[in-house]
Amino acid sequence: MAGAGGGGCPAGGNDLQWCFSQVKGAIDEDVAEADIISTVEFNYSGDLLATGDKGGRVVIFQREQENKSRPHSRGEYNVYSTFQSHEPEFDYLKSLEIEEKINKIRWLPQQNAAHFLLSTNDDLRINLWHLEITDRSFNIVDIKPANMEELTEVITAAEFHPRQCNVFVYSSSKGTVRLCDMRSSALCDRHSKFFEEPEDPSSRSFFSEIISSISDVKFSHSGRYMMTRDYLSVKVWDLNMESRPVETHQVHEYLRSKLCSLYENDCIFDKFECCWNGSDSAIMTGSYNNFFRMFDRNTRRDVTLEASRENSKPRASLKPRKVCTGGKRKKDEISVDSLDFNKKILHTAWHPAENIIAVAATNNLYIFQDRIN
Amino acid sequence: MFARGLKRKCADGEEDGEGALAALRAAPSYSLQRQSLLDMSLVKLQLCHMLVEPNLCRSVLIANTVRQIQEEMTQDGTWRVTAPQTVGRAPLDRLVSTEILCRSAREAEPPGPGLGDGHAPDMVSELCVVPSAQALQSPQSSVWEVDSPRENRGSFPKSLDQIFETLDSKTPGAVEELFSDVDSSYYDLDAVLTGMVGGAKSGHSDTLDALASAPAPPPSSSCKDLGELDHVVEILVET
């Protein structure tokens, strides 16, 4: 994996002018469920970009070599290969349909000595796979209670530490993160560290637990920090401090007063992901109305951008967007009630070394890059 | 954007501390909203199998919300437990939508227990002393028998246990079962990618032939030397 501060990657977010580069996918208004992109990942070098969709299709894009006749545009990503991962299956023993959706694609680092993989096989177990042993996995976390009626918490995400191959974290629907060390015990039912921010009693509501549920957890490239995404914010944690995050960034705080409606239309259960830039100086996550947000950790500034066909002219700069939260709406601002909650950006990826980002907007993949001066 | 008739101000609207919170909770509009939230949650739980994708996390969060509401209503004394023999199987349409609730001006929440709704006073007073945790674990499944002062909503056909079990249907073995009949040509893609990263790109078919024996095996094939891999695409599938 790219190390922190490698490759001259400037601080992300606001010092840069983000420009449209490419968009992949059908323009059709009518989107088939199967075409909805469910995961986006750059490989360790950034030369390959993989997407998976709900129909089980994997598309791998490869970055073309720089074109000398067009020096201002960096190598474009074009389809390298596409394949169907698997067809939907029906398990006759359990009368269950096994869906074909691709949940996650992980590129293995080139020099991964451990060759281990985590799979959250479902919401209650984490299994460990070794690449040389493909006919079985090892269960390392199991939170299924004897009586399912007692189930009050599920696992929502898990990730290996980028540098310490025996360490992994998993997040829960109650807003907690547990860090486990596989060297301590075979079954990691005891955690080494437990991260949880104390609740603010003044903002307690019936929705407090739901919005604290962590939808994604990602280690920084350096391995020193981790980031968690809950419904309204992203939090950066120092692995040495379990009591509270070191940074909290509001993604769309204006939705806090709309939680009733978002509960009714199920948007409150949307699982947004988040990602770091190569130098860990900036973080990015998605929102509604095809907006996505970037936070510069050094300057403490943030920006809201939009992935839309209207802004899709080659090398066109993206204009920062603003949501009007009250009072008089300024020109170019959009009011909260006008936001399209069907246009959600759940998956984003940042090139490990350069300022190139991939943003999945339903069935379209947008690629943006910074303007070269 | 908003549900028809649903007030914008949610249960979390207060800002002034305990006194204001108590006042807010006593207000009829708060009780109405809380009740409608409860109704909505119960309907969501019942219909969770109709989602495009099964979602255990969502069901657990909704169930926890129901528990919280029940706990608060128990403390307020507005939660009723019906005797087992009076529990019928009320059809789902007995659960009023939020719109109907908010429209009706007559449906103000009566404060306190045992007022004008025909329930046995001794049952109600029993409830008042029962701690909420116990109420949750009552063998009569009282959690799921919500009886509002307005009408008997009855019990629900599905227990929480059944709902959760249906959603958690996976076993550790499911993933490799999934891969067991995958066409082996799928795995040749890894070989292709390996070849591509390793050197100059060649035609797909050449690479496939050249690296036909390369790694990333299906379960039935023998293990390969991982040192030969430049990188491998791993598809993680949750079943």
Side-chain angles (χ1 to χ4, degrees), chain A residues 33 43-44 50 52 58 60 81 83 85-86 89 94 96 98-99 101-108 110 115 117 119-125 127 131-132 134-137 139 144 147-149 151-154 156 173 202-207 209-210 213 257 259-261 263-264 269 337 341, chain B residues 1-3 6-13 15 17 33-34 37 40 52-53 55-58 60-61 63-65 67-69 98 159-161 164-165 168-170 172-179 182 186 189 192-193 196-197 217-219 223 226 230-239:
Chain A
E33 184 79 14
N43 77 329
Y44 67 91
V58 176
I60 306 209
S81 180
F83 58 92
S85 164
H86 56 285
E89 304 223 330
K94 295 183 192 294
L96 261 196
I98 301 173
E99 58 166 4
K101 173 186 170 193
I102 305 290
N103 281 288
K104 207 113 199 152
I105 293 177
R106 284 268 153 79
W107 295 93
L108 295 189
Q110 195 170 24
H115 297 290
L117 263 187
S119 75
T120 40
N121 213 15
D122 52 40
D123 304 276
L124 302 174
R125 297 174 197 88
N127 295 320
L131 292 182
E132 290 180 359
T134 56
D135 62 344
R136 77 193 112 97
S137 63
N139 177 246
K144 182 169 181 170
N147 177 5
M148 280 293 263
E149 191 144 334
L151 182 66
T152 59
E153 188 174 10
V154 300
T156 51
S173 55
S202 68
S203 66
R204 173 113 193 109
S205 76
F206 289 123
F207 305 109
E209 185 187 312
I210 299 177
S213 175
S257 58
L259 294 177
C260 285
S261 305
Y263 180 76
E264 181 160 9
F269 302 108
D337 296 327
F341 287 82
Chain B
M1 152 83 189
F2 289 109
L6 187 65
K7 288 187 173 25
R8 282 180 186 226
K9 198 164 160 58
C10 304
D12 56 353
E15 299 118 29
Q33 286 181 29
R34 183 175 63 185
L37 182 61
M40 196 199 308
V52 175
E53 286 168 44
N55 193 337
L56 182 61
C57 182
R58 174 181 173 274
V60 168
L61 289 172
N64 290 351
T65 305
R67 280 198 187 92
Q68 280 179 59
I69 297 172
T98 55
S159 72
L160 192 54
D161 183 273
F164 287 168
E165 278 291 2
D168 171 50
S169 45
K170 301 97 178 178
V175 176
E176 56 268 10
E177 274 164 35
L178 206 59
F179 283 124
V182 173
Y186 156 70
L189 173 67
V192 171
L193 292 172
M196 177 202 64
V197 171
C223 296
L226 285 168
D230 282 326
H231 62 248
V232 171
V233 175
E234 286 292 334
I235 313 295
L236 294 182
V237 175
E238 287 178 25
T239 58

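Computed from a prediction, not measured in an experiment: that's the story for all the values here. So that the names make sense, note that chain A is the first sequence line, chain B the second, and so on, each numbered from 1.
Interface remark: Leu124(A) contributes side-chain atoms only to the contact with chain B (heavy atom separation under 4.5 Å). Interface remark: Glu33(A) contributes side-chain atoms only to the contact with chain B (heavy atom separation under 4.5 Å). Interface remark: Ser173(A) contributes backbone and side-chain atoms alike to the contact with chain B (heavy atom separation under 4.5 Å).
Gln68(B) contributes atom CD, which lies 4.5 Å from atom CZ of Arg204(A) (distance to the nearest 0.5 angstrom). Here the straight-line distance linking atom CZ of Arg58(B) with atom OG of Ser213(A) works out to 13.0 Å at 0.5 Å rounding.
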Worked check of side-chain contact (heavy atoms from CB on, under 4.5 Å) between Tyr263(A) and Met40(B): CA-CA 9 Å; Tyr263(A) 180 76; Met40(B) 196 199 308; 3.7 Å; yes
Salt bridge (Lys or Arg N to Asp or Glu O under 4.0 Å), that's the test. Do Lys144(A) and Glu165(B) meet it? Break it down for me. CA-CA 10 Å; Lys144(A) 182 169 181 170; Glu165(B) 278 291 2; 3.7 Å; yes
side-chain contact (heavy atoms from CB on, under 4.5 Å) between Leu61(B) and Val154(A): does it pass, once the steps are laid out? CA-CA 9 Å; Leu61(B) 289 172; Val154(A) 300; over 6 Å; no
Start with the C-alpha distance between Phe206(A) and Asn64(B), add both sets of side-chain angles, then the distance that settles side-chain contact (heavy atoms from CB on, under 4.5 Å), and finish with yes or no. CA-CA 9 Å; Phe206(A) 289 123; Asn64(B) 290 351; over 6 Å; no
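Looking at heavy atoms from C-beta onward, Val60(B) lies out of side-chain contact with Asp123(A) at the 4.5 angstrom threshold. By the 4.5 Å heavy-atom criterion applied to side chains, Leu37(B) and Phe207(A) are counted as neighbours.
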